[in-house]
2 protein chains.
Amino acid sequence: MSAHVFIAEDEASIVALLKYNLEKEGYKVSHSENGEDALKQIKLKQPDLILMDWMLPELSGVEICKNLKKNNKFNDIPVIMLTAKGEEEDKLKAFDTGADDYVTKPFSQKELNARIKSLLRRSKPQSSSDIVEFTDLKIDRITKRVYRKDKEITLGPTEFKLLDFFIKNPKRVYSREQLLNNVWGEDIYVESRTVDVHIRRLRQAINIQNTKPLIRTVRSAGYSLES
Amino acid sequence: MSAHVFIAEDEASIVALLKYNLEKEGYKVSHSENGEDALKQIKLKQPDLILMDWMLPELSGVEICKNLKKNNKFNDIPVIMLTAKGEEEDKLKAFDTGADDYVTKPFSQKELNARIKSLLRRSKPQSSSDIVEFTDLKIDRITKRVYRKDKEITLGPTEFKLLDFFIKNPKRVYSREQLLNNVWGEDIYVESRTVDVHIRRLRQAINIQNTKPLIRTVRSAGYSLES
DNA sequence: TTCATCAGTTAACAAATGATTAAAAAGGGG
DNA sequence: CCCCTTTTTAATCATTTGTTAACTGATGAA
């Protein structure tokens with residue numbers, strides 16, 4: 001599933017160039033040539049990232065940016081401003097409107113790609129990394145192995161998924177309900193007490209001597225992974 | 001409460017310059033001159049943003065960055081790489097290691113400030129309503145933790161809900177009736193004296209030495225949360 | 001001022017709620 | 001069919017909750 005990049009730019013040649021390059025990188029690309037339309041489209045399509053020309057007919061890039069950043073639903077979409085002139089004042093103004101980065105024309109496609117990648121990585125919540133660590137816990141999603149203090153630990157499939165889920169959002173408290181939906185699956189029905197049993201097994205497994213317990217029970221709320 | 005910026009850089013003159021400028025901007029600043037120490041300090045202090053020199057003694061910036069980005073506890077801290085040479089290859093490598101931005105020396109302080117501001121804004125989406133503070137009280141609805149003067153406090157579920165409700169409208173006086181409806185629920189019937197008991201328990205819990213009481217009794221009207 | 005009354009505070013306790021645990025039953029590949 | 005994992009069940013354990021009743025202090029009338 002590739003990211004969706006939206007281009008708000010009126011110069012056709014630049015749009016063509018960007019589109020060509022971004023699609024080669026595997027992004028889904030759409031665009032608009034005018035500010036008012038761009039804003040409408042963005043709100044409709046909710047892209048993952050926006051490349052926005054500084055100057056746009058109808059509604060300037062600055063205005064669009066301000067509008068988006070004000071709205072809770074869209075203020076997480078990263079915006080890269082494309083500015084023609086390399087003047088510093090403009091750069092600063094771009095950041096002030098809430099842009100997340102800017103690039104001056106003419107720009108290097110390689111650098112633009114790098115910046116896009118960086119912003120997308122940052123806005124994607126799940127660190128899609130194959131090896132994730134949290135304090136002295138390490139889990140390898142490829143080899144399906146789990147380590148605590150570099151010592152390997154064996155987990156059953158469910159316990160592995162459970163830990164994998166917890167480690168995506170450490171410290172966050174999840175209800176049994178949420179755990180069932182995310183670890184077992186939306187449509188599977190099992191008793192909510194079942195969660196307790198697996199929590200217990202997970203606890204037993206990851207608990208090696210003289211370490212504090214990593215899974216916190218929050219009465220009447222759920223469980224969380226703690227440091 | 002200002003953000004904490006960590007500088008990992010070995011050239012004393014640059015550190016001095018950065019420190020001076022950042023402190024003027026209102027940031028809390030700390031630094032280290034060597035890679036190994038920097039990593040240790042970062043893990044200890046958990047700064048809000050890192051300025052990292054590309055080349056560092058003991059452990060290169062790239063290595064530190066990789067290490068941080070692997071660990072769930074630290075991979076949310078934005079990193080800005082300071083590169084000496086303006087070579088594109090280096091820039092790209094910087095992004096690949098997980099850096100969130102880079103700046104080539106010599107850099108404009110104004111631009112650096114703008115980039116810092118942008119990254120901090122982006123990384124602080126501590127979803128407004130998930131963490132609520134009132135004077136020296138802080139309640140985190142995600143981790144279900146409550147702090148007074150940064151010291152954690154443990155509350156039972158009902159006391160948590162009660163405080164959570166009060167903090168939504170500080171200084172407002174609620175009758176026992178209103179509290180029962182909003183904290184216990186519309187259709188649950190318990191004695192109104194029960195509220196007093198929970199108010200007491202909440203008071204005891206959030207009361208740590210030499211602080212004035214936070215919950216005011218309004219005779220024949222109810223209770224309110226005060227500063 | 002004194003006393004009666006009213007409203008809020010406090011401590012103690014029993015009931016209920018929720019979590020832990022062990023063990024049995026049920027599935028599900030190999 | 002056997003072995004391993006998962007789920008259910010039920011007993012036990014721990015914490016929280018609501019109630020009661022005694023206590024404290026404010027209020028205001030005599």
Side-chain angles (χ1 to χ4, degrees), chain A residues 144-146 152-166 173-207 212-226, chain B residues 139 143-146 152-166 172-207 211-226:
Chain A
K144 307 274 179 200
R145 283 173 196 277
V146 179
E152 190 178 347
I153 275 162
T154 32
L155 296 179
T158 308
E159 282 76 57
F160 184 89
K161 274 186 277 178
L162 193 56
L163 180 60
D164 191 13
F165 179 68
F166 270 123
V173 175
Y174 291 103
S175 68
R176 288 168 229 284
E177 215 82 344
Q178 289 175 303
L179 292 172
L180 285 174
N181 281 336
N182 286 287
V183 176
W184 276 257
E186 300 278 349
D187 44 358
I188 286 165
Y189 179 70
V190 290
E191 285 303 319
S192 82
R193 288 272 138 247
T194 302
V195 176
D196 303 33
V197 176
H198 285 277
I199 287 284
R200 160 142 218 274
R201 297 214 258 259
L202 179 56
R203 272 179 172 150
Q204 276 182 326
I206 65 178
N207 185 59
K212 30 175 153 129
L214 286 185
I215 293 175
R216 174 169 77 119
T217 306
V218 181
R219 190 174 234 251
S220 80
Y223 298 96
S224 69
L225 181 64
E226 300 289 320
Chain B
I139 121 171
T143 64
K144 307 272 180 197
R145 286 177 192 277
V146 179
E152 190 180 348
I153 276 163
T154 32
L155 296 179
T158 307
E159 281 77 57
F160 185 91
K161 275 185 275 177
L162 192 56
L163 179 60
D164 192 10
F165 179 67
F166 270 123
R172 177 175 176 155
V173 177
Y174 291 102
S175 69
R176 292 177 175 70
E177 212 81 350
Q178 288 176 303
L179 292 172
L180 284 173
N181 281 335
N182 286 287
V183 176
W184 275 257
E186 300 279 350
D187 44 358
I188 287 165
Y189 178 70
V190 289
E191 287 300 322
S192 83
R193 289 274 129 240
T194 302
V195 176
D196 302 34
V197 175
H198 283 279
I199 287 284
R200 157 138 224 275
R201 301 215 252 250
L202 179 55
R203 272 177 171 153
Q204 270 184 329
I206 66 177
N207 185 59
T211 48
K212 37 176 148 137
L214 286 184
I215 293 175
R216 178 167 72 115
T217 305
V218 182
R219 189 168 234 256
S220 77
Y223 298 95
S224 70
L225 182 64
E226 300 288 320

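Any value given below was found using the heavy atoms of this structure, including those in side chains, with hydrogens, waters and symmetry copies removed. Within every chain, numbering begins at 1; the chains are lettered A, B, ... in the order of the sequence lines, protein sequences first and strands thereafter. All figures in this text were calculated on a predicted structure; none of them were measured in a lab.
Rounding to the nearest 0.5 Å gives a distance of 9.0 Å between CG of A:L180 and OH of A:Y189.
Spacing between atom CD1 of B:I199 and atom C1' of D:dG18 amounts to 15 Å, rounded to whole angstrom units. Atom CD1 in A:I188 sits about 12 Å away from atom P in D:dT6, given to the nearest Å. Residue A:R219 contributes atom CZ, which lies 15 Å from atom P of D:dC13 at whole-angstrom precision. When rounded to the nearest whole Å, the span between CG of B:D196 and P of D:dG25 equals 17 Å. Between the CG atom of B:L180 and the C1' atom of D:dT17 there is a distance of 13 Å, given to the nearest Å. To the nearest angstrom, C1' of D:dT24 lies 13 Å from CZ of B:R200.
Using a 4.0 Å heavy-atom distance criterion, B:T194 is classed as a base contact. When heavy atoms are screened at a 4.0 angstrom cut-off, A:R201 is found touching base atoms of the nucleic acid. Residue contacts shown for A:Y223 are limited to sugar-phosphate atoms, with no base heavy atom under 4.0 Å away. At the heavy-atom level, B:E159 lies under 4.0 Å from the strands shown only through sugar-phosphate atoms. Residue B:Y189 is out of contact with every strand shown, counting any heavy-atom pair closer than 4.0 Å.
For A:Y223 and A:F166, the ring centers are positioned 6.0 Å apart or more.
On the nucleic acid side, DNA chain C has its first and last nucleotide under 4.0 Å of a heavy atom of chain A at C:dT17 to C:dA22, going 5' to 3'.
In this model, the phosphate group of D:dT16 is not approached by any side-chain N or O of B:T158 to a distance below 4.0 Å at OP1 or OP2. Note on A:W184: a side-chain N or O is less than 4.0 Å away from OP1 or OP2 of D:dT7.
Looking at B:E226 and B:S224, their side chains do bring a donor and an acceptor atom within 3.5 Å of each other.
Legend: residues meeting salt bridge (charged side-chain N to carboxylate O under 4.0 Å, His left out) with B:R193, ordered by chain and number and at least two apart, are B:D196.
Residues B:T143 and A:V173 approach most closely at O-CG2, 3.5 Å, considering heavy atoms.
Annotation: of the two residues near DNA chain C, B:V218 and A:R176, the 5′-most nearest-nucleotide partner is B:V218.
Under the 4.5 Å side-chain criterion, counting only non-hydrogen atoms from C-beta, A:Y174 is in contact with A:F165. Two residues are said to be in side-chain contact when any heavy atoms from C-beta on lie closer than 4.5 Å; B:R203 and B:R200 fail this criterion.
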